[in-house]
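The structure's right below; bear with me while I get my questions together.
Labels below follow one simple rule: chain letters A, B, ... track the order of the sequence lines, proteins then strands, and each chain is numbered from 1.
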Number of protein chains: 2
Amino acid sequence: MATFPSRPTIRDVGRIAKVSPGTVSRALRGRPGVSDETRIRVEKVARQIGYQASRAARALPAGKTHFIGYHIASDPFNASMATLLHAMVQAASRADFEMLLFSSKPGQSTLDASVEVLQRGVDGFVLSYLRPDDPRIGLFESRDIEYVAFGHLPRGARGSWVDSAGAAGIARAVHHVAELGHQRVGFVGWPEGQWVTGDIRYRGYVEAVTELGLADDPALVVRVGGYAPEEGRRAFHQIVAARPTAVVAVSDNLAIGVMHAAEDLGLGVGTDLAVVGYDDIPAASDVRPSLTTLRQPVQTIGTRLVEVLLRRLDNPGSEPEGVEIQPELVIRSSTVPASPVVPTQI
Amino acid sequence: MATFPSRPTIRDVGRIAKVSPGTVSRALRGRPGVSDETRIRVEKVARQIGYQASRAARALPAGKTHFIGYHIASDPFNASMATLLHAMVQAASRADFEMLLFSSKPGQSTLDASVEVLQRGVDGFVLSYLRPDDPRIGLFESRDIEYVAFGHLPRGARGSWVDSAGAAGIARAVHHVAELGHQRVGFVGWPEGQWVTGDIRYRGYVEAVTELGLADDPALVVRVGGYAPEEGRRAFHQIVAARPTAVVAVSDNLAIGVMHAAEDLGLGVGTDLAVVGYDDIPAASDVRPSLTTLRQPVQTIGTRLVEVLLRRLDNPGSEPEGVEIQPELVIRSSTVPASPVVPTQI
DNA sequence: TTGTACGCGTTATCAA
DNA sequence: TTGATAACGCGTACAA
């Protein structure tokens with residue numbers, strides 16, 4: 001690569017390839033109206049001098065920034081973030097897009113932060129942590145901004161989304177422990193109406209319990225607002241009086257908290273109490289007993305999110321897509337046949 | 001906020017505030033030559049109509065993109081990534097900068113990926129996973145590109161960096177287990193010369209062992225190339241013949257692997273074998289026994305990284321800064337007084 | 001203290 | 001198939 005004193009521009013390419021800047025642009029962007037011969041020559045020169053179009057200069061006339069915005073939350077328990085982001089960045093780069101990270105300034109709403117980034121220029125958004133009444137949806141839909149959500153959309157939203165099949169997944173978990181002989185299956189979830197995805201997972205629990213004729217006791221259900229294992233621990237203490245012999249949680253972190261609570265109470269996880277998580281974060285295989293869980297293929301999800309978004313960006317009129325990915329039940333040591341004995345009381 | 005049909009531009013602000021676009025720019029960017037009265041009026045109008053300068057239009061004439069590039073690696077075991085990125089994004093946004101994520105395309109080197117984003121336009125880089133002979137350093141220094149590294153720099157590099165005090169931290173861990181009575185302390189590290197930070201941590205181990213007069217047996221030291229607990233597990237199997245009663249690892253994930261190996265061998269962690277990790281990832285408090293570890297304040301590190309970089313971006317002539325942050329030894333259940341009994345043999 | 005005019009690197013339009 | 005030219009929205013000299 002010839003070393004240039006400063007960044008080579010489209011004019012440099014043009015001068016060397018003996019064509020006008022306009023032709024260089026057409027050739028490199030794959031637009032029609034360029035002879036194959038010229039296109040090849042231009043591409044070769046561009047490669048040789050290491051030409052890369054300036055983002056800014058490209059965005060200005062075209063009105064397209066080639067940026068995808070992602071609002072990053074402060075969630076220290078999200079162990080899969082690195083994987084998700086990496087997958088998104090990879091998928092984006094394949095289509096010549098880049099991921100722009102932003103977050104809310106202290107006291108600023110996610111909505112306002114999104115508006116700010118939007119005004120500065122992004123072509124679309126990937127949304128996480130979506131609430132049922134999330135104002136971002138209204139904003140984007142009213143302004144025709146493309147978005148795709150990680151997680152099912154609330155009723156009424158007409159956008160694209162990618163999610164693991166939460167209802168089916170949780171139902172699968174309930175079936176699994178039921179097959180092991182458990183009758184009283186607890187559920188540790190998030191507050192109703194907090195996350196769309198959380199509500200769906202709860203639905204899977206209810207459906208499975210009903211279908212299987214398991215104990216349908218409201219005292220077996222508990223909801224927590226956060227993500228930390230500690231919340232799962234407190235949660236289990238709240239339902240232990242209802243004598244669950246198995247617990248299904250909406251996340252691995254909460255499930256690990258349940259395991260800690262069992263330890264507090266002298267209950268043996270796997271023996272006295274079966275526990276199932278959701279996500280399959282690395283810690284799920286690190287804890288002892290290792291945690292049975294529903295594996296969410298985060299990498300695939302990240303890739304699909306971006307692919308779906310880019311497809312809509314390419315043809316704005318197209319139908320929104322919803323992609324559901326079946327989570328895989330990974331059976332480990334936290335679920336073994338139910339103990340015939342009633343668990344120890346506190 | 002008045003709703004604009006499309007993005008409000010600097011002209012819109014000017015028209016409403018009854019000043020020229022030039023004055024709007026000067027007022028909003030805090031440049032001299034604007035009366036306080038005018039500046040306040042302009043700022044008010046800008047706020048009212050929700051004006052945000054277009055990134056592209058701003059970058060073009062100024063030659064400054066207000067982007068910080070970060071090469072995101074695919075490391076599923078990096079549980080702190082979300083926290084680090086969030087801290088960096090926050091710190092950047094305070095100074096009106098944004099974080100741009102990029103990664104290497106399949107088969108592409110980190111260097112080439114960096115050159116690509118650089119040509120497209122970024123003002124500086126935050127570097128992770130830095131190797132002693134990392135070619136990025138030469139590139140950036142020869143082209144006067146500002147960068148700051150998460151981790152100590154290799155000898156000869158003259159850039160800024162932020163790191164936890166790895167040598168002091170590991171030494172602190174060795175002192176801790178020595179105080180508990182351990183004489184044969186193993187070390188699970190990365191291959192020499194692989195990561196600058198890894199070599200420094202090893203130095204802390206050697207120094208402490210020497211200073212304390214502990215067993216200085218090469219068979220107590222083992223290095224692994226990866227990050228997965230499984231690597232730590234294999235590592236411990238390799239050094240168990242040297243009869244360590246304590247092990248210090250360069251990461252929590254490796255330490256957790258050591259705990260698994262102890263389980264394989266029927267050794268009780270905390271009783272037969274003391275284990276210390278590094279990082280304090282969430283899983284460190286999830287495993288049982290909970291893991292004693294050196295807490296790396298990732299959030300602080302992320303903030304400082306960006307602050308240090310921005311300071312150099314502001315005054316390019318300034319001296320590079322090196323910031324060392326003391327890790328905190330968090331004592332948990334994996335380190336208890338040494339057992340008087342020789343550990344079980346395989 | 002403020003306004004005007006130019007240019008940044010690219011893409012789109014229109015003419016050749 | 002190609003070249004010339006006019007934006008795109010902003011920052012900044014320079015002029016007023």
Q | nucleotides 8-16 of chain D: protein proximity per nucleotide (B base, S sugar-phosphate only, - neither; heavy atom, under 4.0 Å) | A | BBBSBB---

Q | Separation of T197(A) OG1 from D163(A) CG (nearest 0.5 Å) | A |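 Separation between the atoms: 4.0 Å.
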
Q.
Checking Q299(A) against H86(A) for the side-chain hydrogen bond (donor to acceptor under 3.5 Å, both in side chains) test, could you report, in this order, the C-alpha distance in whole Å, the side-chain angles of both residues, the deciding distance, and whether it holds?
A. CA-CA 8 Å; Q299(A) 188 167 337; H86(A) 184 260; 6.0 Å; no

Q. Is the closest basic N to carboxylate O distance between R15(B) and D12(B) below 4.0 Å?
A.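 Between D12(B) and R15(B) there is a salt bridge, with a charged N closer than 4.0 Å to a carboxylate O.
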
Q. Can you name the one residue among D134(B), V148(B), L130(B) that meets side-chain contact (heavy atoms from CB on, under 4.5 Å) with L153(B)?
A. L130(B)

**Q.** First-last contacting nucleotides on DNA chain C - partner chain A, under 4.0 angstrom, heavy atom
**A.** dG9(C) to dT13(C)

Q | Check ion pair D96(A)-R120(B) (N to O, under 4.0 angstrom) | A | yes

Q.
Are F67(A) and F102(A), when compared by the centres of their aromatic rings, separated by less than 6.0 Å?
A.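 No, the ring centres sit 6.0 Å or more apart.
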
Q: Kindly determine whether T38(B) and S35(B) satisfy side-chain hydrogen bond (donor to acceptor under 3.5 Å, both in side chains), including the steps that lead there.
A: CA-CA 5 Å; T38(B) 308; S35(B) 71; 2.6 Å; yes

